[in-house]
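Report on the following structure.
Quick note: numbers below take in every heavy atom, side chains included, and nothing from hydrogens, waters or symmetry partners.
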Amino acid sequence: MPTKEIHLTVGIAARDLDAKAAHARRLLASRANLRVSVDGVEPSQEALAEAVLRRFVAAVGGAADGVVPAQHGDGKLVAVLWSS
């Protein structure tokens, strides 16, 4: 199963997040694993990054069969969504 990536930033606009979520739903419908990362996360912005990722996962909705919880590392916050 192919793995695709979507990159978000802490300051992403709501309509851009919605557009990326729509793209994610299409990728998940084609049975792709999806790696979502919030890039450029500084220690002071971790709460904002987690909020962006939660909003993104909520916007994707039921298109994902499962979500691996977010993990911090190297200035990124990464989660994996998949469909079976």
Side-chain angles (χ1 to χ4, degrees):
M1 184 175 298
T3 299
K4 302 292 184 175
E5 292 192 25
I6 291 184
H7 297 275
L8 308 172
T9 60
V10 174
I12 190 168
R15 94 177 203 198
D16 293 337
L17 188 127
D18 291 340
K20 288 191 179 222
H23 182 69
R25 285 191 293 274
R26 288 192 301 274
L27 290 172
L28 290 167
S30 65
R31 305 280 189 232
N33 291 329
L34 187 59
R35 182 176 182 262
V36 182
S37 65
V38 182
D39 299 330
V41 179
E42 297 176 16
S44 63
Q45 296 178 319
E46 287 182 4
L48 291 173
E50 289 174 3
V52 167
L53 199 52
R54 279 195 306 273
R55 282 186 9 231
F56 181 82
V57 170
V60 170
D65 293 333
V67 178
V68 173
Q71 298 176 357
H72 295 269
D74 295 330
K76 292 183 180 185
L77 182 66
V78 179
V80 177
L81 291 79
W82 73 86
S83 60
S84 52

Q) What is the distance from atom OG of Ser37 to atom CD1 of Ile6, rounded to the nearest 0.5 Å? A) 9.5 Å
Q.
Applying salt bridge (Lys or Arg N to Asp or Glu O under 4.0 Å) as the test, list every pair that has at least one member in residues 7-18; sequence neighbours left out.
A. none
(Q) Suppose the criterion is salt bridge (Lys or Arg N to Asp or Glu O under 4.0 Å): which pairs have a residue in residues 75-84, not counting sequence neighbours? (A) none
Q) Do you know which two heavy atoms are closest between Val36 and Leu81, and how far apart they sit? A) CG2-CD1, 3.6 Å
**Q.** Within residues 24-46 or reaching into it, pairs that qualify as salt bridge (Lys or Arg N to Asp or Glu O under 4.0 Å) - sequence neighbours excluded
**A.** Glu5-Arg35
Let me check something: any side-chain donor-acceptor pairs from residues 53-74 under 3.5 Å, sequence neighbours excluded? List them with distances.
unit_1: Asp65; atom_1: OD2; unit_2: Ser84; atom_2: N; d: 2.5
unit_1: Asp65; atom_1: OD2; unit_2: Ser84; atom_2: OG; d: 2.8
unit_1: His72; atom_1: NE2; unit_2: Glu50; atom_2: OE2; d: 3.0

Q) Do you know the tightest heavy-atom contact between Ala32 and Leu28? A) O-CD2, 3.4 Å
Q. Looking only at heavy atoms, which two atoms of Leu77 and Val41 are closest? And how far apart?
A. N-CG2, 4.3 Å
Q. Got Ile12 and Lys20 here, is their nearest side-chain heavy-atom distance under 4.5 Å?
A. yes
